[in-house]
Amino acid sequence: MKHYDAKEVEEKIKKFWEKEKIYKFDSKKGKIYSIDVPPPYASSGHLHVGHALHYTQFEIIARIRRQLGFNVYFAPCFDDNGLPIEKYVEEKLGIDKSKTNRAEFRKLCLKESEKVEKIYTERVFKKLGHSYDWNLLYTTISTEAQKVAQTSFLKLVKKGDCYRSEEPVIWCPYHETALAQAEVEDFDREVELSYIDFDLVGGGKINIATTRPEFLPACVAIFINPKDKKNKNLIGKEVIVPLFNHKVKVITDESVDPEFGTGTMMVCTFGDNADIEKWKKYKLDLRNIVNKDGTLNQKADQYQGMKLKEAKEAIIKDLMKLGRIKKQKPLQQTVGSCWRCSTPVEYIIAKQWFIRTLKYKKELIKRGKEIKWYPDFMRKRFENWTENLKWDWVISRQRFYGVPIPVWYCENCDKIIFPDEKELPLDPIEKKRKCPKCKKEAVPDTDVFDTWMTSSNTPEIASRWLEKPELYKKISPMSLRPQSHDIIRTWAFYTILKSHLLFKRIPWQNIMIGTYILDSKGKGMHKSKGNVVWADKLIEKYDVDAFRYWVGGASLGSDLPFDEKELVAGKRFLTKLWNASRFAFMNLEDYRGKKPKKLEKIDRWMLQKTKDINERIKKYYLDHDIARAKKEIENFFWHTFCDNYLEIIKKRIYNEKGDKKLSAQYTLYHSLLAILKLISPITPFITEKLYKEYFKQFEKTKSIHLTEFSKIDIKEKKEGGDLFIEILRKVRHKKTKEKKPMNALIKLYLPEKESKIIEPYRQDFMNASGAIFIKTRKEFNVEFIETEHKK
RNA sequence: GGUCCUGUAGUCCAAUGGCUAAGACGGCUCGUUUACACCGAGUAGACCCAGGUUCGAUUCCUGGCAGGACCACCA
């Protein structure tokens with residue numbers, strides 16, 4: 001094979017890995033390194049370059065750990081639990097959920113997601129050369145995952161950290177479900193601020209500005225700032241709410257801004273977060289007017305049945321008729337919205353299940369400090385979020401597809417009936433239960449858990465907490481959680497929370513925040529913006545290894561604008577690696593794996609250099625500094641190995657015999673093998689191919705990916721090392737008229753007659769007589785070895 | 001309003017309290033074409049601004065300015 005045919009190699013190597021089960025996990029081997037893989041939503045569409053980058057980034061880590069001698073637990077997974085699948089199935093199959101039952105619908109979801117996952121596995125994971133052990137596959141809707149989620153629920157209930165309560169919750173009127181604080185995103189919009197006249201009891205009027213006149217029927221108090229002089233006379237008075245005619249009091253609170261509107265603030269149950277705060281703080285009345293579907297109830301009188309938006313228009317119209325609106329002005333406003341549908345959220349009172357979080361803020365931050373974050377500043381995001389939390393975690397969702405909440409309620413005595421842990425997983429709708437007290441049949445809970453209720457237990461699901469306790473014990477806490485920064489407040493937070501509550505420990509020792517991809521202009525990639533780059537096309541054009549090579553250069557936790565040109569470097573590297581290796585193999589044809597009695601000086605030097613780089617790269621790899629490692633390997637391979645070493649030994653291998661030749665071959669063999677091993681986690685296909693092509697016949701291991709990084713057998717001598725570097729650093733550039741480029745290593749004789757080999761900077765020159773212009777602290781005599789002048 | 005990140009050549013990006021601030025893409029010049037639809041050598045080009053600490057700051061500190069992210073508020 002003359003030129004490198006990446007496509008053919010990829011196909012063959014992929015099959016080889018699968019057939020030989022190269023990445024199979026064996027629990028009996030050595031120290032374990034376990035990775036808590038983010039379960040992707042499988043989609044059969046194209047692959048976003050950001051996802052490919054993210055998933056490949058930690059896949060490289062898995063490979064690195066394997067070659068560092070760890071027993072890597074690397075379980076693939078899919079997230080097929082929750083809304084995206086539910087909606088997908090609804091739309092694709094045209095299912096009307098009101099006409100089907102939960103069990104049937106779930107079957108359809110499962111079938112559909114299985115199909116998509118299969119495609120995804122082939123098109124993405126295997127295509128990109130990801131080294132999962134497919135026997136360890138899990139999905140978040142699997143029986144085991146459901147069992148974990150439900151078990152964790154029961155355990156938390158027992159501990160008192162999970163409770164059911166009727167409280168204001170964040171509500172999405174579109175999805176008709178409660179939402180957690182983490183599911184709310186900010187959304188900018190322009191609204192009308194209406195200035196409405198209220199009558200005072202006993203005569204007079206006040207004007208109050210509000211953006212939500214539709215909440216007039218829910219008005220429970222008027223607030224002013226106690227320091228506000230112009231409104232001071234209002235304190236303690238009562239006002240009559242227009243159109244609805246109920247009376248509310250004027251009270252004071254520091255938080256009211258006297259400069260906003262007229263300095264008076266109407267508090268309703270519940271227009272926004274601030275209303276809830278004041279409602280709790282001052283124990284105000286409750287006037288709940290919003291139904292679960294976003295319509296108004298009977299408390300809204302003639303506006304009953306209208307959607308909030310319609311009611312707003314109607315109320316403004318009626319107030320106008322009465323001449324109560326003095327003015328209206330536009331206002332820029334940020335509203336919390338459902339992260340999936342962008343519908344502004346409402347706040348309603350409903351019975352929901354909660355997990356205690358506010359109580360544990362301090363402890364959680366402490367747990368966060370026990371974990372090593374890559375990069376470290378990402379911990380601050382976590383701490384910031386935790387400190388600012390205002391709600392306990394609402395875990396119940398009024399949805400159809402998901403993990404059911406395994407409880408029943410007795411309508412007679414209000415008792416909550418829990419199953420035994422042994423019965424899990426179960427769907428309370430499918431199992432009947434009688435109230436132990438009343439002996440009456442209890443009502444099943446029809447809600448499901450928030451998807452994060454399951455996802456927060458991925459370490460437990462991945463390591464088979466309930467199924468294989470022995471294995472779980474070995475693996476936990478896990479070594480690494482890789483994830484992206486946008487879900488620190490959800491996935492990372494909830495996982496740390498659950499682990500703290502259930503096991504009183506951290507879920508993993510390290511968390512690594514992957515690179516976040518932007519378009520070439522530095523903006524986020526979104527389908528809607530049309531600036532998404534698809535990884536499939538890049539892989540087609542530049543090959544998987546070249547793509548991975550690009551991934552290897554990305555630094556953790558930072559944003560990276562995508563530049564296609566960066567992939568060219570990867571492709572060039574592959575060509576160079578291929579050609580250099582092919583050339584080396586040619587020169588190694590008659591090498592039989594023997595070691596020479598004596599190594600030539602230049603070979604000794606090369607081995608020493610190889611050993612140095614080998615050790616250094618291992619350190620970078622241990623610290624997840626892939627980018628730096630990649631750069632140094634490339635530099636070493638390209639310049640030291642190809643440009644210098646190969647050029648120098650060429651002639652010796654052609655012309656010499658015996659030990660002199662053997663010394664070069666031995667060195668060539670071991671230095672190239674070391675290089676291939678070092679770069680193999682990043683470019684697994686080409687390195688495997690080259691390994692199979694030549695090295696496999698001498699090495700016992702069947703795949704380069706099962707080998708450990710090289711141990712170079714060379715004893716330290718005085719040559720090389722620190723002194724060598726120090727000399728280089730003192731080298732100064734001297735310009736001469738007759739400069740010629742030099743392409744050689746230099747043997748440098750020290751005064752003690754100990755010879756040194758140095759690699760000159762390219763700016764150093766020699767003149768026609770062969771003198772080198774270098775400046776050092778001492779004077780040295782210099783002689784060349786094997787200079788290669790090209791005329 | 002709070003917190004955090006980033007500011008280095010035309011572009012992307014690295015390292016660093018002192019020694020020639022690394023590399024890639026792109027320019028330009030030269031050389032090669034028996035491992036290398038290319039390879040090699042050379043060359044031009046950069047530390048956001050202002051103070052402070054220091055013998056010495058691109059690096060550390062403070063304050064700006066610019067870009068980005070996260071969070072809070074928004075009656």
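In what follows, chains are A, B, ... by sequence order, proteins preceding strands, each numbered from 1.
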Report which part of the nucleic acid [X] touches: base, sugar-phosphate, or nothing (heavy-atom distance under 4.0 Å, all strands).
X: Cys642(A); result: base
X: Ala274(A); result: sugar-phosphate
X: Asp486(A); result: nothing
X: Phe377(A); result: sugar-phosphate
X: Asn388(A); result: sugar-phosphate
X: Lys390(A); result: sugar-phosphate
X: Val568(A); result: nothing

*Check the side chains of Ser337(A) and Glu185(A) for a donor-acceptor pair under 3.5 angstrom, ignoring hydrogens and angles.*
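Short answer, no.
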*Just by distance, with hydrogens left out, do Arg582(A) and Asn579(A) show a side-chain donor and acceptor under 3.5 Å apart?*
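Yes, a side-chain donor-acceptor pair sits under 3.5 Å.
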If I take atom [atom1] in residue [X] and atom [atom2] in nucleotide [N], what distance separates them, rounded to the nearest angstrom?
X: His639(A); N: rC39(B); atom1: NE2; atom2: P; answer: 11 Å
X: Phe583(A); N: rA35(B); atom1: CZ; atom2: P; answer: 6 Å
X: Trp578(A); N: rC39(B); atom1: CH2; atom2: P; answer: 17 Å
X: Leu588(A); N: rA35(B); atom1: CG; atom2: C1'; answer: 13 Å
X: Lys361(A); N: rA72(B); atom1: NZ; atom2: C1'; answer: 12 Å
X: Lys650(A); N: rU34(B); atom1: NZ; atom2: P; answer: 10 Å

Are [X] and [N] close enough that a side-chain N or O sits under 4.0 Å from OP1 or OP2?
X: Trp550(A); N: rA24(B); result: no
X: Asn273(A); N: rC73(B); result: yes
X: Lys565(A); N: rC13(B); result: no
X: Ser555(A); N: rA14(B); result: yes

*More 5' along RNA chain B: Lys380(A) or Leu518(A), using each one's nearest nucleotide?*
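By nearest-heavy-atom nucleotide position, the 5'-most residue is Lys380(A).
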*asked:* On RNA chain B, compare the nucleotides closest to Asp275(A) and Trp638(A); which residue's is nearer the 5' end?
replied: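 Here Trp638(A) is the residue nearer the 5' end.
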_Tell me whether Arg379(A) contacts the main-chain N or O of Trp373(A) through its side chain, where contact means a donor paired with an acceptor under 3.5 Å._
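Not a single qualifying donor-acceptor pair exists.
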*Answer yes or no for this row: Phe260(A) ring on rA75(B) base, centroids under 5.5 Å, planes under 30°.*
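Per 5.5 Å and 30° rule: yes, stacked.
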_Angle between ring planes, Trp578(A) versus Tyr4(A), binned at 30° and 60°: parallel, tilted or perpendicular?_
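Answer is tilted, since the angle falls between 30° and 60°.
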*Run the salt bridge (charged side-chain N to carboxylate O under 4.0 Å, His left out) check on Asp623(A) and Arg628(A) step by step: do they pass?*
CA-CA 10 Å; Asp623(A) 204 33; Arg628(A) 190 169 183 159; over 6 Å; no
